[in-house]
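As structure tokens, the structure follows; a few thoughts come after it.
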2 protein chains.
Amino acid sequence: MSRTAEPAVLLDLDGTLVDSVYHHVFCWQQAFAAAGHEVSAHRIHLGIGMGSERLVPFVLGRGPDDLDDLVADHKRRFLDVAGTLRPTTGAPELLTDLEDRGVPFMIATSAGSEERHALLDVLGRSDVPTTDSSQVERSKPAPDLLVSAAEELGVEASAVTYVGDSPWDAEAATRLGMRAIGVLTGGFPSAVLREAGAFTVAGSPRDLIGRL
Amino acid sequence: MSRTAEPAVLLDLDGTLVDSVYHHVFCWQQAFAAAGHEVSAHRIHLGIGMGSERLVPFVLGRGPDDLDDLVADHKRRFLDVAGTLRPTTGAPELLTDLEDRGVPFMIATSAGSEERHALLDVLGRSDVPTTDSSQVERSKPAPDLLVSAAEELGVEASAVTYVGDSPWDAEAATRLGMRAIGVLTGGFPSAVLREAGAFTVAGSPRDLIGRL
């Protein structure tokens, strides 16, 4: 496939378009506790934005024997509460704005297939093109997901702006020479996002309408 | 009561001794959503540490008609999940350390009476002296709670070190001329706690054992 240098946008989903970070922290903490692992909620928060199989060893400080069980238990708990999720401020409108202005874009998420469907349901946009972690070998902060998404869009990394709420998003994007924009909707402070490589930080997707 | 200048310690409870901040965010978000208020989880997080009757207008940007219902619904949801709470790292050991070393201390919390009992149960320490918000007119960041606690301990404000996880804790303490120490267990970054007045920031209560 030939690549163009036309500007394109990649969007993180969890915490960026859907207000799900605190749901994830809560569900992870329950899953860890149920498995007998005592971990701090704020430590879990610091790992949100990584894929599950990377978050678990990050939080525990080691790769546990029960990784698969933990990931499955978190997923079950998250899907149980997914009905209470809401979009982040301006997220549906930002998607419409990109479409109206003809900006090529795609959602690039570490979420597994079932979680992704639940999150897209929250946005009422199951039609939006999405690359998820089941299609790549390593999740964020490894750049595989973003490489795969840029390939699907047929654009060069240098033409891509990636919008995400976590430092792992900014780190993954800047590793590839993409432009990273942070949003505060995941509860990560502006300074943390900038330090991870975000060149600017917006309050929410609403602040990006007409500007990507 | 005569006041002494003997060093004394006041401890916040929610988020500082019990790992409850993310539980609170989750329950508040559910309560707001059930009442038809669309608010961001990270905005709620920024209000955690205030008393409920201050958090609600802070989050909504106005004082709602249904304040009492919101506060009651959050409380119900929080008590429902309180069985899954855990102490923060080193919290029970810090209390024992203060007792062993004869340091006068008291827990000063914005939590209402029922929540306070649930939180003390998590610590296994319903015997620890506690001042709660039902005993004062205004909650943090108003300093009433800390004034009341220092009076009960019979110490001057200038002799008090207050340990808390939120910027509201640090702000309330420094307004009174108390020394504020931050802990990271509430998910507030070190820079935020220092800016609010904390003179130092510890990772968790464990890091303060033998040092207060």
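Numbers restart at 1 for each chain; the letters A, B, ... are given by sequence-line order, proteins then strands.
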Which answer fits A/Ile44, side chain, backbone, both or neither, if we ask what part of it has an atom under 4.5 Å from a heavy atom of chain B?
neither

Are more than 12 heavy atoms from other residues, nucleotides or ligands located less than 6.0 Å from atom CG of B/Asp65?
no

For chain B, which residues of residues 83-91 of chain A have heavy atoms nearer than 4.5 angstrom
A/Thr84, A/Arg86, A/Thr89

Chain A contact via B/Leu184 - which portion, at a heavy-atom distance below 4.5 Å:
both

Interface residues of residues 17-35 of chain B facing chain A - heavy atom cut-off under 4.5 Å:
B/Asp19, B/Tyr22, B/His23, B/Val25, B/Phe26, B/Gln29, B/Gln30, B/Ala33

Suppose we screen for side chain to side chain contact (heavy atoms under 4.5 Å, CB included). Which residues come up paired with A/Ala173, at least two apart in sequence or across chains?
A/Leu146, A/Tyr162, A/Met178, A/Ala180

Should the heavy atoms of other residues, nucleotides or ligands under 6.0 Å from CZ of A/Arg76 be counted, would the total exceed 12?
yes

Pull out the residues in residues 92-103 of chain A that come under 4.5 Å of chain B, heavy atom to heavy atom, sorted by number.
none

Segment of A/Val192 engaging chain B (4.5 angstrom heavy-atom cut-off)
neither

Evaluate whether atom CZ of B/Arg206 has more than 12 neighbouring non-hydrogen atoms of other residues, nucleotides or ligands under 6.0 angstrom away.
no

Value rounded to 0.5 Å, distance of NE2 in A/His42 from OG in B/Ser204
8.0 Å

